[in-house]
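The structure appears below as structure tokens.
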Amino acid sequence: MQASTMAAADSTKTEGFWSNWKSKAMELLYWRNLKQSGLVFGSLLLLLFSLTQFSVVSVVAYLALAALSATISFRVYKSVLQAVQKTDEGHPFKAYLDVEMSLSHDQMQKYAENIQYYINSTLKELRRLFLVQDLVDSLKFAVLMWLLTYVGALFNGLTLLIMVVVSMFSMPVVYEKYQAQIDQYLDLIRTQVNSVVGK
């Protein structure tokens, strides 16, 4: 009884985390807080542009060095300030060091089950497509792969990622601003495509 109550509480906590995470992501993408969205957008672009120039290992090492330099400098600055002012404030990162960061066994099991579900679904779908269970779906997949060869010839993966990040941070705002006009054009395109498919 108590174990089921604890599992239900963990489940509620996890669902709350995901809904909170989704709402935070929406706030970032719709630029509700300009500073936060700008910081995340700029950081992602800087990271992706860095990866176009340097290897992943170099970028990770430079980011770790930058973070360590900032935290060590702040810690030394606070220690000197405490020594000069003769105060006893303690460690400047104590609040962050006390935060519990471990995942429970149930949470790990739930994440592992979700990952397993997505991997199994993907493998089943790929098997279905490659072994031509449905000829039409396999042909659609072949056309998609053929189109991706042209996309791959024009762009590399990092360029596509940069375009995705820019689109993620610009499209929602543009759509929110010009929703009526965009919906009108999308309806026109949809009717044209439906008429062509109908013929």
Under 3.5 Å: donor-acceptor pair, side chain of [X], backbone of [Y]:
| X | Y | value |
| --- | --- | --- |
| S138 | L129 | yes |
| S37 | L34 | no |
| S58 | F54 | no |
| Q107 | S104 | yes |
| S73 | A70 | no |

Side-chain donor-acceptor contact under 3.5 Å, T159 with N156: yes
Crowded around Y178 OH? As in, over 12 foreign heavy atoms under 6.0 Å? no
What are the two closest non-hydrogen atoms of [X] and [Y], and how far apart are they?
| X | Y | result |
| --- | --- | --- |
| I182 | V174 | CD1-O, 4.0 Å |
| F169 | L28 | CE2-O, 3.8 Å |
| S167 | P172 | O-CD, 3.7 Å |
| L126 | F141 | CD2-CZ, 4.3 Å |
| L45 | V165 | CD2-CG1, 4.4 Å |
| L103 | M108 | CD1-SD, 3.5 Å |

Mind checking who shares a hydrophobic cluster with L135, ILVMFWY linked at side-chain heavy-atom distances under 4.5 Å? V132, L139
For the hydrophobic clusters of this structure (ILVMFWY residues joined by side-chain heavy atoms under 4.5 Å, transitively), does one cluster hold both [X] and [Y]?
| X | Y | answer |
| --- | --- | --- |
| F49 | V56 | yes |
| M171 | M168 | no |
| V60 | L63 | yes |
| V76 | V84 | yes |
| Y175 | V164 | no |

Enter the distance from [X]:[atom1] to [Y]:[atom2] here, rounded to the nearest 0.5 Å.
| X | Y | atom1 | atom2 | value |
| --- | --- | --- | --- | --- |
| K124 | R128 | NZ | CZ | 12.5 Å |
| S170 | M163 | OG | CE | 10.5 Å |
| L39 | N33 | CG | CG | 10.0 Å |
| L161 | L44 | CG | CG | 10.0 Å |
| L65 | I72 | CG | CD1 | 9.0 Å |
| Y150 | F155 | OH | CZ | 15.0 Å |

Apply side-chain contact (heavy atoms from CB on, under 4.5 Å) to the pair V193 and R190, showing each step before the final yes or no. CA-CA 5 Å; V193 168; R190 196 175 296 121; 5.8 Å; no
Decide, yes or no, whether a salt bridge links E176 with R32 under the criterion of side-chain N to carboxylate O below 4.0 Å. yes
Does D106 pair with K110 as a salt bridge, N-O distance under 4.0 Å? no
In the structure I gave you, are the side-chain heavy atoms of H91 and R75 within less than 4.5 Å of one another anywhere? yes
Within the 4.5 Å heavy-atom criterion, are L148 and M145 side-chain neighbours or not? yes
Check the pair D187, T191 against side-chain contact (heavy atoms from CB on, under 4.5 Å), reporting the backbone distance first and the verdict last. CA-CA 6 Å; D187 285 339; T191 54; 5.5 Å; no
Derivation and outcome, salt bridge (Lys or Arg N to Asp or Glu O under 4.0 Å), residues K24 and E27: CA-CA 5 Å; K24 291 259 189 211; E27 286 178 15; 5.2 Å; no
May I ask you to decide if the ring planes of F41 and W31 are parallel, tilted or perpendicular, using 30° and 60° as cut-offs? perpendicular
Plane angle bin for F93 and F74 - parallel if under 30°, tilted between 30 and 60°, otherwise perpendicular: tilted
